[in-house]
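All values below were derived from every heavy atom in this structure, side-chain atoms included, with hydrogens, water molecules and symmetry-related copies excluded. Order of appearance sets the numbers: ligands from 1, and atoms from 1 within every ligand.
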Amino acid sequence: MIQIEGLQKVFNGVTVLLDVNFEIQDGETTVIIGPSGVGKSVLLKHLCGLLKPDAGRVLVNGTDIVPLSERALSPIRKQFGFLFQGAALFDSMTVFDNVAFPLREERKFDEAEISQRVEEALVIVDLFDAKNKKPAELSGGMRKRAGLARACVARPKYILYDEPTTGLDPILADNINDLVLRLQDHFHATSVAVTHDMVSAYKIANRIAMLHEGRIYAVGTPQEIQTTTDPIVRQFITGGGSTQEAKHGAVSIH
Ligand SMILES: Nc1ncnc2c1ncn2[C@@H]1O[C@H](COP(=O)(O)OP(=O)(O)OP(=O)(O)O)[C@@H](O)[C@H]1O
Ligand SMILES: [Mg+2]
(Lines give C-alpha, C1' and ligand atoms only; values in the text may rest on other atoms or scores of the structure.)
(Ligands and ions follow the chains in the order given, each with its own letter.)
Protein backbone atom coordinates (compact mmCIF):
# COMPACT_ATOMS: atom_id res chain seq x y z
CA MET A 1 0.00 0.00 0.00
CA ILE A 2 1.11 3.57 -0.66
CA GLN A 3 -0.09 6.25 1.76
CA ILE A 4 0.29 9.92 0.93
CA GLU A 5 -0.01 12.27 3.86
CA GLY A 6 -0.05 16.07 3.80
CA LEU A 7 1.98 16.24 0.59
CA GLN A 8 3.01 19.72 -0.41
CA LYS A 9 5.13 20.80 -3.39
CA VAL A 10 6.05 24.32 -4.33
CA PHE A 11 7.94 25.26 -7.53
CA ASN A 12 9.44 28.76 -7.68
CA GLY A 13 6.95 30.13 -5.19
CA VAL A 14 3.96 28.47 -6.89
CA THR A 15 2.18 25.84 -4.81
CA VAL A 16 1.30 22.90 -7.05
CA LEU A 17 0.41 20.37 -4.34
CA LEU A 18 -1.06 22.00 -1.27
CA ASP A 19 -2.17 19.15 0.97
CA VAL A 20 -2.57 15.81 -0.77
CA ASN A 21 -3.87 12.92 1.31
CA PHE A 22 -4.93 9.54 -0.01
CA GLU A 23 -4.16 5.84 -0.08
CA ILE A 24 -3.39 3.48 -2.92
CA GLN A 25 -4.62 0.00 -2.12
CA ASP A 26 -2.62 -3.06 -3.13
CA GLY A 27 -3.84 -4.93 -6.18
CA GLU A 28 -6.02 -2.05 -7.35
CA THR A 29 -5.72 0.35 -10.24
CA THR A 30 -6.09 3.91 -9.01
CA VAL A 31 -6.58 6.60 -11.63
CA ILE A 32 -5.73 10.21 -10.85
CA ILE A 33 -7.69 12.68 -12.96
CA GLY A 34 -7.61 16.44 -13.22
CA PRO A 35 -7.06 19.17 -15.80
CA SER A 36 -3.78 19.89 -17.51
CA GLY A 37 -1.23 21.57 -15.25
CA VAL A 38 -3.00 20.64 -12.00
CA GLY A 39 -0.01 18.59 -10.81
CA LYS A 40 -0.82 14.99 -11.76
CA SER A 41 2.63 14.19 -13.13
CA VAL A 42 4.22 15.93 -10.16
CA LEU A 43 2.16 13.82 -7.76
CA LEU A 44 3.03 10.60 -9.60
CA LYS A 45 6.75 11.35 -9.44
CA HIS A 46 6.51 11.70 -5.66
CA LEU A 47 5.19 8.15 -5.31
CA CYS A 48 8.54 6.60 -6.20
CA GLY A 49 10.77 9.39 -4.88
CA LEU A 50 11.64 11.00 -8.23
CA LEU A 51 10.55 14.28 -6.64
CA LYS A 52 10.87 15.30 -3.00
CA PRO A 53 8.02 17.23 -1.39
CA ASP A 54 8.35 20.41 0.63
CA ALA A 55 6.20 18.79 3.32
CA GLY A 56 4.40 15.52 3.91
CA ARG A 57 5.07 11.81 3.82
CA VAL A 58 4.92 9.07 1.20
CA LEU A 59 4.72 5.67 2.87
CA VAL A 60 5.51 2.69 0.65
CA ASN A 61 4.62 -0.45 2.58
CA GLY A 62 4.91 1.61 5.75
CA THR A 63 8.32 3.16 5.00
CA ASP A 64 8.42 6.92 4.55
CA ILE A 65 10.53 7.35 1.41
CA VAL A 66 10.76 11.16 1.66
CA PRO A 67 13.87 11.35 3.87
CA LEU A 68 15.70 8.53 2.04
CA SER A 69 18.91 9.17 0.12
CA GLU A 70 19.13 8.03 -3.52
CA ARG A 71 21.10 5.00 -2.34
CA ALA A 72 18.51 4.06 0.29
CA LEU A 73 15.73 4.63 -2.25
CA SER A 74 17.26 2.32 -4.82
CA PRO A 75 15.78 -0.98 -3.51
CA ILE A 76 12.37 0.67 -3.12
CA ARG A 77 12.48 2.17 -6.58
CA LYS A 78 13.12 -1.31 -7.99
CA GLN A 79 9.59 -2.18 -6.89
CA PHE A 80 8.29 0.44 -9.35
CA GLY A 81 7.79 0.44 -13.10
CA PHE A 82 7.16 3.83 -14.67
CA LEU A 83 5.59 4.73 -17.99
CA PHE A 84 6.55 8.36 -18.39
CA GLN A 85 4.38 10.88 -20.20
CA GLY A 86 5.49 10.61 -23.85
CA ALA A 87 7.04 7.14 -23.22
CA ALA A 88 10.63 8.53 -22.92
CA LEU A 89 12.41 5.70 -24.73
CA PHE A 90 16.14 5.79 -25.38
CA ASP A 91 16.40 6.82 -29.05
CA SER A 92 19.69 5.09 -29.72
CA MET A 93 18.54 1.71 -28.42
CA THR A 94 16.36 -0.88 -30.11
CA VAL A 95 12.96 -1.75 -28.67
CA PHE A 96 14.50 -4.91 -27.22
CA ASP A 97 17.28 -3.00 -25.46
CA ASN A 98 14.86 -0.35 -24.20
CA VAL A 99 12.68 -3.02 -22.64
CA ALA A 100 15.71 -4.90 -21.31
CA PHE A 101 17.06 -1.77 -19.62
CA PRO A 102 15.39 -2.19 -16.19
CA LEU A 103 16.48 -5.82 -16.04
CA ARG A 104 20.08 -5.00 -16.93
CA GLU A 105 20.10 -2.31 -14.27
CA GLU A 106 19.20 -4.91 -11.66
CA ARG A 107 22.32 -6.92 -12.58
CA LYS A 108 20.84 -10.16 -11.38
CA PHE A 109 19.77 -11.79 -14.62
CA ASP A 110 21.89 -13.48 -17.27
CA GLU A 111 21.30 -12.69 -20.96
CA ALA A 112 19.16 -15.80 -21.48
CA GLU A 113 16.80 -14.77 -18.67
CA ILE A 114 16.76 -11.19 -19.95
CA SER A 115 15.84 -12.39 -23.45
CA GLN A 116 13.11 -14.60 -22.13
CA ARG A 117 11.54 -11.89 -20.00
CA VAL A 118 11.85 -9.16 -22.64
CA GLU A 119 10.30 -11.41 -25.27
CA GLU A 120 7.46 -12.33 -22.93
CA ALA A 121 6.76 -8.62 -22.31
CA LEU A 122 6.98 -7.83 -26.03
CA VAL A 123 4.47 -10.56 -26.83
CA ILE A 124 2.05 -9.17 -24.24
CA VAL A 125 2.19 -5.71 -25.84
CA ASP A 126 2.18 -7.19 -29.35
CA LEU A 127 5.55 -5.75 -30.36
CA PHE A 128 7.59 -8.90 -30.78
CA ASP A 129 8.08 -8.28 -34.49
CA ALA A 130 9.39 -4.76 -33.81
CA LYS A 131 12.01 -5.77 -31.29
CA ASN A 132 14.95 -4.74 -33.47
CA LYS A 133 13.50 -1.36 -34.43
CA LYS A 134 14.58 1.98 -33.01
CA PRO A 135 11.99 4.32 -31.42
CA ALA A 136 12.16 6.70 -34.42
CA GLU A 137 10.80 3.89 -36.62
CA LEU A 138 7.73 3.37 -34.40
CA SER A 139 4.31 5.03 -34.39
CA GLY A 140 3.12 6.86 -31.26
CA GLY A 141 1.02 3.88 -30.21
CA MET A 142 3.92 1.48 -30.68
CA ARG A 143 6.15 3.73 -28.58
CA LYS A 144 3.56 3.71 -25.79
CA ARG A 145 3.41 -0.08 -25.99
CA ALA A 146 7.21 -0.32 -25.80
CA GLY A 147 7.06 1.99 -22.77
CA LEU A 148 4.46 -0.30 -21.21
CA ALA A 149 6.63 -3.36 -21.80
CA ARG A 150 9.57 -1.57 -20.20
CA ALA A 151 7.43 -0.51 -17.22
CA CYS A 152 6.32 -4.06 -16.46
CA VAL A 153 9.26 -6.22 -17.58
CA ALA A 154 10.86 -6.47 -14.15
CA ARG A 155 7.46 -7.48 -12.70
CA PRO A 156 7.29 -4.54 -10.35
CA LYS A 157 4.89 -4.46 -7.44
CA TYR A 158 3.80 -0.96 -8.45
CA ILE A 159 3.31 0.34 -11.99
CA LEU A 160 2.94 4.08 -12.52
CA TYR A 161 1.45 5.22 -15.82
CA ASP A 162 1.56 8.86 -16.84
CA GLU A 163 -1.02 9.52 -19.58
CA PRO A 164 -0.90 6.04 -21.14
CA THR A 165 -3.51 6.91 -23.79
CA THR A 166 -3.22 10.65 -24.37
CA GLY A 167 -2.64 11.56 -28.01
CA LEU A 168 -3.76 8.20 -29.35
CA ASP A 169 -6.84 7.61 -31.49
CA PRO A 170 -9.77 5.95 -29.66
CA ILE A 171 -9.05 2.48 -31.01
CA LEU A 172 -5.37 2.60 -30.08
CA ALA A 173 -6.26 4.11 -26.71
CA ASP A 174 -8.61 1.22 -26.09
CA ASN A 175 -5.84 -1.18 -27.08
CA ILE A 176 -3.60 0.38 -24.46
CA ASN A 177 -6.38 0.16 -21.87
CA ASP A 178 -6.79 -3.53 -22.64
CA LEU A 179 -3.05 -3.92 -22.18
CA VAL A 180 -3.10 -2.13 -18.84
CA LEU A 181 -5.86 -4.49 -17.74
CA ARG A 182 -3.97 -7.49 -19.08
CA LEU A 183 -0.77 -6.48 -17.29
CA GLN A 184 -2.77 -6.05 -14.11
CA ASP A 185 -4.19 -9.51 -14.56
CA HIS A 186 -0.84 -11.05 -15.52
CA PHE A 187 1.43 -9.47 -12.92
CA HIS A 188 -1.10 -8.59 -10.17
CA ALA A 189 0.55 -5.22 -9.84
CA THR A 190 -0.73 -2.22 -7.94
CA SER A 191 -1.18 0.47 -10.57
CA VAL A 192 -1.53 4.20 -10.51
CA ALA A 193 -2.43 5.90 -13.76
CA VAL A 194 -2.67 9.61 -14.40
CA THR A 195 -4.92 10.77 -17.20
CA HIS A 196 -7.42 13.33 -18.37
CA ASP A 197 -8.99 10.75 -20.67
CA MET A 198 -12.21 9.81 -18.85
CA VAL A 199 -13.07 6.93 -21.18
CA SER A 200 -9.81 5.27 -20.18
CA ALA A 201 -10.24 6.19 -16.53
CA TYR A 202 -13.64 4.49 -16.36
CA LYS A 203 -12.33 1.42 -18.12
CA ILE A 204 -9.17 0.70 -16.13
CA ALA A 205 -9.85 2.15 -12.67
CA ASN A 206 -10.95 0.45 -9.51
CA ARG A 207 -10.82 3.87 -7.91
CA ILE A 208 -10.65 7.37 -9.33
CA ALA A 209 -9.20 10.32 -7.44
CA MET A 210 -9.57 13.86 -8.73
CA LEU A 211 -6.80 16.36 -8.08
CA HIS A 212 -8.10 19.92 -7.77
CA GLU A 213 -6.42 23.02 -6.36
CA GLY A 214 -3.58 21.06 -4.80
CA ARG A 215 -5.76 18.51 -3.01
CA ILE A 216 -7.48 15.21 -3.74
CA TYR A 217 -10.92 16.72 -4.08
CA ALA A 218 -12.97 13.58 -4.76
CA VAL A 219 -12.41 9.83 -4.61
CA GLY A 220 -14.81 7.16 -5.78
CA THR A 221 -15.41 4.11 -7.92
CA PRO A 222 -15.79 4.82 -11.64
CA GLN A 223 -19.54 4.55 -11.20
CA GLU A 224 -19.58 6.95 -8.24
CA ILE A 225 -17.52 9.48 -10.18
CA GLN A 226 -19.61 9.07 -13.32
CA THR A 227 -22.87 9.68 -11.46
CA THR A 228 -21.76 12.32 -8.94
CA THR A 229 -23.71 15.54 -8.75
CA ASP A 230 -20.71 17.49 -7.42
CA PRO A 231 -20.41 20.48 -9.78
CA ILE A 232 -16.61 20.61 -9.85
CA VAL A 233 -16.25 16.92 -10.69
CA ARG A 234 -19.09 17.13 -13.22
CA GLN A 235 -17.52 20.09 -14.93
CA PHE A 236 -14.28 18.19 -15.36
CA ILE A 237 -15.71 14.85 -16.45
CA THR A 238 -18.16 16.26 -18.94
CA GLY A 239 -15.86 18.93 -20.32
CA GLY A 240 -12.76 16.79 -20.16
CA GLY A 241 -13.21 14.15 -22.84
CA SER A 242 -16.22 12.19 -21.58
CA THR A 243 -18.47 10.44 -24.07
CA GLN A 244 -21.69 11.16 -22.17
CA GLU A 245 -23.46 12.54 -25.25
CA ALA A 246 -22.36 9.70 -27.46
CA LYS A 247 -23.56 7.14 -24.92
CA HIS A 248 -26.95 8.79 -24.79
CA GLY A 249 -27.36 8.70 -28.51
CA ALA A 250 -27.01 12.43 -29.14
CA VAL A 251 -24.78 11.89 -32.16
CA SER A 252 -26.35 11.65 -35.57
CA ILE A 253 -24.34 10.79 -38.64
CA HIS A 254 -25.27 11.99 -42.10
N1 LIG B 1 10.49 20.30 -12.39
C2 LIG B 1 9.65 21.35 -12.35
N3 LIG B 1 10.09 22.60 -12.09
C4 LIG B 1 9.25 23.65 -12.01
N5 LIG B 1 7.92 23.55 -12.20
C6 LIG B 1 7.42 22.34 -12.47
C7 LIG B 1 8.25 21.17 -12.56
N8 LIG B 1 7.48 20.10 -12.85
C9 LIG B 1 6.22 20.59 -12.93
N10 LIG B 1 6.18 21.92 -12.70
C11 LIG B 1 4.97 22.76 -12.70
O12 LIG B 1 4.00 22.12 -11.88
C13 LIG B 1 2.70 22.30 -12.44
C14 LIG B 1 2.03 20.95 -12.57
O15 LIG B 1 2.69 20.21 -13.58
P16 LIG B 1 2.32 18.73 -13.97
O17 LIG B 1 3.26 18.34 -15.05
O18 LIG B 1 2.26 17.87 -12.77
O19 LIG B 1 0.84 18.92 -14.54
P20 LIG B 1 -0.13 17.78 -15.09
O21 LIG B 1 -1.35 17.79 -14.25
O22 LIG B 1 0.61 16.50 -15.22
O23 LIG B 1 -0.49 18.36 -16.53
P24 LIG B 1 -0.70 17.59 -17.95
O25 LIG B 1 -2.08 17.00 -17.87
O26 LIG B 1 -0.61 18.68 -18.95
O27 LIG B 1 0.37 16.56 -18.08
C28 LIG B 1 2.89 23.05 -13.73
O29 LIG B 1 2.61 24.40 -13.48
C30 LIG B 1 4.34 22.84 -14.07
O31 LIG B 1 4.85 23.93 -14.79
MG1 LIG C 1 1.28 15.39 -16.76
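- For the residue pair N177 / Y202, no side-chain donor-acceptor distance below 3.5 Å is found, with atom types taken as modelled.
- A salt bridge is defined here as a Lys NZ or Arg NE, NH1 or NH2 lying under 4.0 Å from an Asp or Glu carboxylate O, and K203 with D174 meets this definition.
- When atom types are taken as modelled, the side chain of K40 and the backbone of T195 share no donor-acceptor pair closer than 3.5 angstrom.
- When ring centroids are compared, F82 and F80 stay outside the 6.0 Å threshold.
- Every protein residue with a heavy atom nearer than 4.0 Å to ligand 1 is included here: F11, V16, P35, S36, G37, V38, G39, K40, S41, V42, Q85, E163, H196.
- Here R104 pairs with E111 in a salt bridge; the nearest charged N to carboxylate O distance falls below 4.0 Å.
- With salt bridges taken as basic N to acidic carboxylate O contacts below 4.0 Å, none links D162 and K45.
- Salt bridge status for E28 with R207: present, with a side-chain N to carboxylate O gap under 4.0 Å.
- Around the Mg ion (ligand 2), the protein atoms of type N, O or S found under 2.8 Å away are S41 OG, Q85 OE1, listed by chain and number.
- With hydrogens and angles left out, the side-chain atoms of D197 and T165 include a donor and acceptor closer than 3.5 Å.
- Salt bridge absent: E163 and K144 never bring a charged side-chain N and a carboxylate O closer than 4.0 Å.
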